[in-house]
A.B. asks: 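Please find one structure pasted underneath; my questions will follow.
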Amino acid sequence: MTYLILALVLGIIIGANDAVNVFGSAIGSKMLKFSLAIWFFIIFIILGAIINAQYPSAIYKNIIPSYFSLDRTVIILMPVIVATFVSIKLKISSSISQSLIFSIIGFATATGININYDIFERLIFIWILTPFISFLLVIILYFLINSCLNLLKLNIFYKDFVIRALLILFGCLAAFALGSNLTASIVGIFSPFLNSSIHINENLLFFLGSSCIGLGALFFSKKIIHNIGTKVSKINPVSALAILATQIVILLFFSSKLIIDYVNLKFGINLFAMPISASHVTLASILGIAAFKGFRETNIKNSLFIISSWIYLPVVVFIFSYYLSLTFR
Amino acid sequence: MSFYKNNQKELIDSINLFLNNILEINNLFESLIKEFFLKNYKGVEDLTIKISNLESECDKLRRSTERKIYKETLIPEQRGDVLGMLENLDKIPGQLQGNAHRINTEKPNIHEDLHDDFNSLVQNNSTCVKLLISGSKQFFIDPKKTIEDCLLVSKHESTGDKISTKLKNAIFNNNNLDLSQKMHLRYFVEIIDEVANLAEDVADRLIISSVKN
């Protein structure tokens, strides 16, 4: 039962931590109100989880081919919860999927369980690559969106209306894409036990997981959104749109079976659905916009502080999980 | 969403009405000067009342527009610029209304030799206001056009300065006028010229806002 409570807590923490990635820029740029944005977030995070979470969720099954007992998931979840909680306290939006994978690796190393290093290496490679892709992609998307809006020669009040409508649309799509990623993080760890130790329908599990995320977002994300929304760099509404568009492209690309199968077929590669850090994509996108504007109004110190957490947080989680596993072996 | 779009339309309409009212006040003031030189004082009084009513309407429109922009948290990026623009623009009808009242009440004795110069000063200021209103309308659609119009405002303001200097010279070099008359006329030259100065101030701010956006 403890593992279920921890999964519930993790879901709530994820909601508090990740809502900022979807609507943080829009709320930070004062284009959307929290009370409106959060309901869109909840609805689409649940939809994304039910429709798409099964694909990135599979990674948790595949990274450790020979699995462990269900009770052991507590040892894996505990370091992730602590690390995420601390990062929220430090006002850093951290990557929960990465923390989970590193916690699993720490646990597996300590307990001598085989690890699929091929998948792990490819995961690390993609995780390093995605911030760079986001950084470049957001500049292209910003340029495209800005050019289209300028081309329409709209009155600024209509432009404001169009941007708000697009922010809601893009936000919903990003929440949908994030729903599969995030729910995969909470539920994915339990997927090997489905129908054996846990007798529950997978979709119901995804629904419960994403509902926890929604609850976390509803009750605990407001302060984080207002803190992080404008902490790194001043975000204008068009930048917020470009950031969301980048998130949608990156997250959907790596969570959609349809897209991955097409890319694999087209380019003869062996990509697989995997959880991507929305926090990293968001920060890299904000920095991409900041770079495009010559790093004016950018808090470099804060940016470096958050980027450094991308390295030390997984390491801390790995060490914590490793020693916790050794202690309770 | 359609409710939201209606809000935007209402705002655009009220800003356009505000700008058109300023244009109307400007045109009425031109007519008022013509009537004044024709010594049609009844016409001057009627026009002054019309200008006053329109000026009050401008105040109401500005306040309701500002309130709405803040209440609906619209155009967060340009909100400060738009509010600054509306507040500064509102000084122009205020100045024109004051000028109309002063002319109606004080009925300055402007010698016929000076009529042409006074007329060209009023015409020039009127052009400044027209250009400014055109630039202000474009601010919401095409900031580049705003900059072009606002630069022309500055050019016309300089022309206005030259006309007013010429007028003042003519007034003070006129030996048929006593000093009190000269001072009175100089005062009227200055308050009429003030319209162009105010227009230039708004134009300068608009240029900065347009470059920023």
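Numbered from 1 within each chain, the chains take letters A, B, ... in sequence-line order.
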A.B. asks: Counting only heavy atoms not in B/K155 (residues, nucleotides, ligands), do more than 12 fall under 6.0 Å from its NZ?
C.D. replies: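 At most 12 heavy atoms, drawn from other residues, nucleotides or ligands, come within 6.0 Å of this atom.
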
A.B. asks: Pick one of side chain, backbone, both or neither for B/L11, based on which atoms fall under 4.5 Å of a heavy atom in chain A.
C.D. replies: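 When you check distances to chain A, only side chain atoms of B/L11 fall under 4.5 Å.
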
A.B. asks: More than 12 foreign heavy atoms under 6.0 Å from CZ of A/F85: is that the case here?
C.D. replies: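 Counting other residues, nucleotides and ligands, CZ of A/F85 stays at 12 neighbours or fewer.
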
A.B. asks: Where is the tightest heavy-atom contact between A/D160 and B/I75, given as atom of each residue plus distance?
C.D. replies: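 Closest pair (atom of A/D160, atom of B/I75, distance): OD1-N, 3.0 Å.
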
A.B. asks: Would you compute the distance between atom CG of B/D142 and atom CD1 of A/I156 and round it to the nearest 0.5 angstrom?
C.D. replies: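 It comes to 12.5 Å.
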
A.B. asks: What's the spacing between B/Q78 CD and A/F157 CZ if we round to 0.5 Å?
C.D. replies: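 Those atoms lie 8.5 Å apart.
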
A.B. asks: Counting only heavy atoms not in B/Y41, do more than 12 sit closer than 6.0 Å to its OH atom?
C.D. replies: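 Atom OH in B/Y41 is crowded, with more than 12 foreign heavy atoms closer than 6.0 Å.
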
A.B. asks: Is there a side-chain contact between A/L154 and B/F140 in this structure, where contact means two heavy atoms from C-beta onward sitting under 4.5 Å apart?
C.D. replies: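 Not in contact.
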
A.B. asks: Could you check whether atom NZ of B/K60 has more than 12 heavy atoms from other residues, nucleotides or ligands sitting under 6.0 Å from it?
C.D. replies: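 Atom NZ in B/K60 is not packed in, count stays at 12 or less.
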
A.B. asks: Are the side chain of A/N155 and the backbone N or O of B/I141 linked by a donor-acceptor pair below 3.5 Å?
C.D. replies: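 Flag not set: sc A/N155 to bb B/I141 has no pair under 3.5 Å.
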
A.B. asks: Counting only heavy atoms not in B/K168, do more than 12 fall under 6.0 Å of its NZ?
C.D. replies: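 More than 12 heavy atoms, drawn from other residues, nucleotides or ligands, come within 6.0 Å of this atom.
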
